[in-house]
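Protein chains get the first letters and strands the later ones, always in sequence-line order, with residue 1 at the start of each. On a predicted model such as this, the values are computed, not experimentally measured, just so you know.
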Number of protein chains: 2
Amino acid sequence: MSSKSPLYRKVAGDLRTAIAAGEYGSGARLPAEDELARRYGVSRGTVRQALASLRADGLVTSRRGARRVVLGGAPRLQSFGELRSFARWARSLGEEPGGRTVAVDPAEATEEEAHHLQLPPGTRVFRVRRVRTLSGAPVMVERSTYPERIGLLVAEMDVDEVSHSHQLELHGVLFTDAHHTIDVAPADADDAQLLGCGVGHALLRERRRSTDPAGTPVEWSEDRYLPGTVAFTVHNSVATSALGRQLGEE
Amino acid sequence: MSSKSPLYRKVAGDLRTAIAAGEYGSGARLPAEDELARRYGVSRGTVRQALASLRADGLVTSRRGARRVVLGGAPRLQSFGELRSFARWARSLGEEPGGRTVAVDPAEATEEEAHHLQLPPGTRVFRVRRVRTLSGAPVMVERSTYPERIGLLVAEMDVDEVSHSHQLELHGVLFTDAHHTIDVAPADADDAQLLGCGVGHALLRERRRSTDPAGTPVEWSEDRYLPGTVAFTVHNSVATSALGRQLGEE
DNA sequence: GGCTCCAAGTTGTACGGACAACTGTTGTAC
DNA sequence: GTACAACAGTTGTCCGTACAACTTGGAGCC
């Protein structure tokens, strides 16, 4: 198997599984960078690249002078792969994802849609509405707007297709960046009917703008989840020196 | 002003302001790494470190073979970076943050609290309840649990102190990492009274576990926001994944 | 015991070089 | 004109080195 993945990814993966397996328990200190470099026969820079990835995912701390410490507590999920695709996310948690496309409508972009997709207002777009299920129970209504190029591909898919993003990948359409806004919104008549809740019932709302590797918007979507079915988790860390810059800086 | 901040930070800051000032509009291509390195008189590695920071914030794309592209369109609310402090976040949006401490209670840690703070159950902790306001209007109830060491500091603060985290910083307590879980929860009697809504009213809930640079938990908090007052924004990309989605309750 | 101080260990920053992989453009052939 | 091929430009990966900044633990002292 000719693995084309870079070295630092291999190192990062090993460390991830080692942590997940409990070889380094919560609060344990990782081996030093030099030690890891020797162990894997790579340079320190490569090890640092691997560790930066773990840090970004909130698995370890990292500060000058001290070895890295494993941050315990939270369940560790592969982050972006799951978020990019409802189907992939559900399966990674052992749930069976399902879905049904309720409507695919060509339309002219509203001002808001045009803005988020960076198109001139009135451009032809596709609006797709879907119900998403976990183990058969409806949990989410998804309203997506696609540029025409993408929408045409979506329109050809089976209404029971589970993963649109996977199908789009096969056509060379990639979602690499996404900006999310999360808040609460009341169910409208459609939501209520599709999710089986009352009109006005509070739903967890996620609005999302996805772009491809070139930075071109490829999707503008609004998802509404039944409360209790899903929670969003985020990890964030501060770069450095919060103390060093309360004076004069910037 | 002898700025001790590293070089790559200076470069990153310059690029950030240049983008914010519109020198590179949405979709524009940044100068090549070599060009930037020449321009600033630094090595390419340093430039790459600066650009990695922009990428992590979702300001630019980056892929092999092509110049970086500015990702426009996104409203420039400071995202989760400011999330570690309600006061700082509010001020960055031009709102006047306020708050009132409703209760500070020493207590013995419940099983859940002990778990999140990585303490033995029954350890003494402090529970602090606060109402947070924006321009005078209450928007959020904050229930935090601190280890005794931190709680003692909080207990001494003025009940009208706006920023606990700032005060704690002055005592050398830093919050550098945080793990957030966001979902919807109904208002209980206290929430209803403090926020002026009905019991059972759906609130946007954020649960947070913060740690210091050494990885020691320093706060476990549950915040409940009135819908419509705030929204959480997150950016993620394949390289800098910092977001996950998690099922149900534990 | 408790304290200061020092040395070893560790990560952060920055430099330099080399090659691989990919993109966009240009130019040629048909 | 269209399709293909070559090419220059650009970012990704990896190596090596050096020093700075910081943490930790232990030695020594009071």
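One interatomic measurement links the two molecules: CD of A:Glu33 to C1' of C:dT13, which rounds to 12 Å at whole-angstrom precision. A straight line from CZ of A:Arg55 to C1' of C:dG12 spans 12 Å, rounded to a whole angstrom. Separating the CZ atom of B:Arg9 from the P atom of C:dA14 is a distance of 10 Å, rounded to the nearest angstrom. Rounded to an integer number of Å, the gap from CZ of B:Arg67 to P of D:dA8 is 18 Å. A straight line from CZ of A:Arg38 to C1' of C:dT10 spans 12 Å, rounded to a whole angstrom. Rounded to whole angstrom, the span from the CD atom of A:Gln49 across to the P atom of C:dG12 amounts to 14 Å. Rounded to whole Å, the distance from CG on A:Asp212 to C1' on C:dT23 is 14 Å.
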Original post:
Can you check side-chain hydrogen bond (donor to acceptor under 3.5 Å, both in side chains) on A:Thr181 and A:Arg207, steps first, answer last?
Top reply: CA-CA 5 Å; A:Thr181 303; A:Arg207 283 170 295 182; 5.4 Å; no

Subject >> Candidate pair B:Ser26 and A:Gln118, rule side-chain hydrogen bond (donor to acceptor under 3.5 Å, both in side chains), full reasoning >> reply: CA-CA 9 Å; B:Ser26 171; A:Gln118 291 183 11; 3.2 Å; yes

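Between A:Ser43 and B:Ser62, it is B:Ser62 whose nearest contact on DNA chain D lies nearer the 5' terminus. Remark on DNA chain C: of its neighbouring residues A:Asp34 and B:Leu7, the 5'-side contact belongs to A:Asp34, judged by nearest-heavy-atom nucleotide.
Side-chain polar atoms of B:Ser53 and B:Arg16 form a donor-acceptor pair below 3.5 angstrom. A donor atom on one side chain and an acceptor atom on the other are not found under 3.5 Å apart for B:Glu161 and B:Thr101.
Side-chain atoms of B:Asp57 never come within 3.5 Å of backbone atoms of B:Leu59 as a donor-acceptor pair (strictly under, hydrogens ignored).
Applying the ring-ring contact (aromatic ring centres under 6.0 Å, His included) test between B:Trp220 and each of B:His180, B:His179, B:His116 identifies B:His116 as the sole match.
Every residue two or more places apart in sequence or in another chain that forms a salt bridge (Lys or Arg N to Asp or Glu O under 4.0 Å) with A:Arg44 is listed here: A:Glu33.
Under the 4.5 Å side-chain criterion, counting only non-hydrogen atoms from C-beta, B:Thr145 is in contact with B:Leu117. Inter-residue side-chain proximity for B:Thr211 and B:Thr216 is flagged as unmet; no heavy-atom pair is nearer than 4.5 Å.
For the helix from C:dG1-D:dC30 to C:dC30-D:dG1, the end axes, each set by the C1' atoms of five terminal pairs, are bent relative to each other by 20° (nearest 10°).
At D:dC15, one or more side-chain N or O atoms of A:Thr46 fall inside 4.0 Å of OP1 or OP2 (strictly under the cut-off). OP1 and OP2 of C:dT13 both lie 4.0 Å or more from every side-chain N or O belonging to B:Arg48. Within the structure, every side-chain polar atom (N or O) of A:Tyr8 is placed at least 4.0 Å from both OP1 and OP2 of D:dC14.
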**OP:** Quick one, give me the B/S/- string for nucleotides 17-25 of chain D, reading 5' to 3', where B means a protein heavy atom under 4.0 Å from the base and S means that only happens at the primed atoms, P, OP1 or OP2.
**Re:** -B--BBBS-

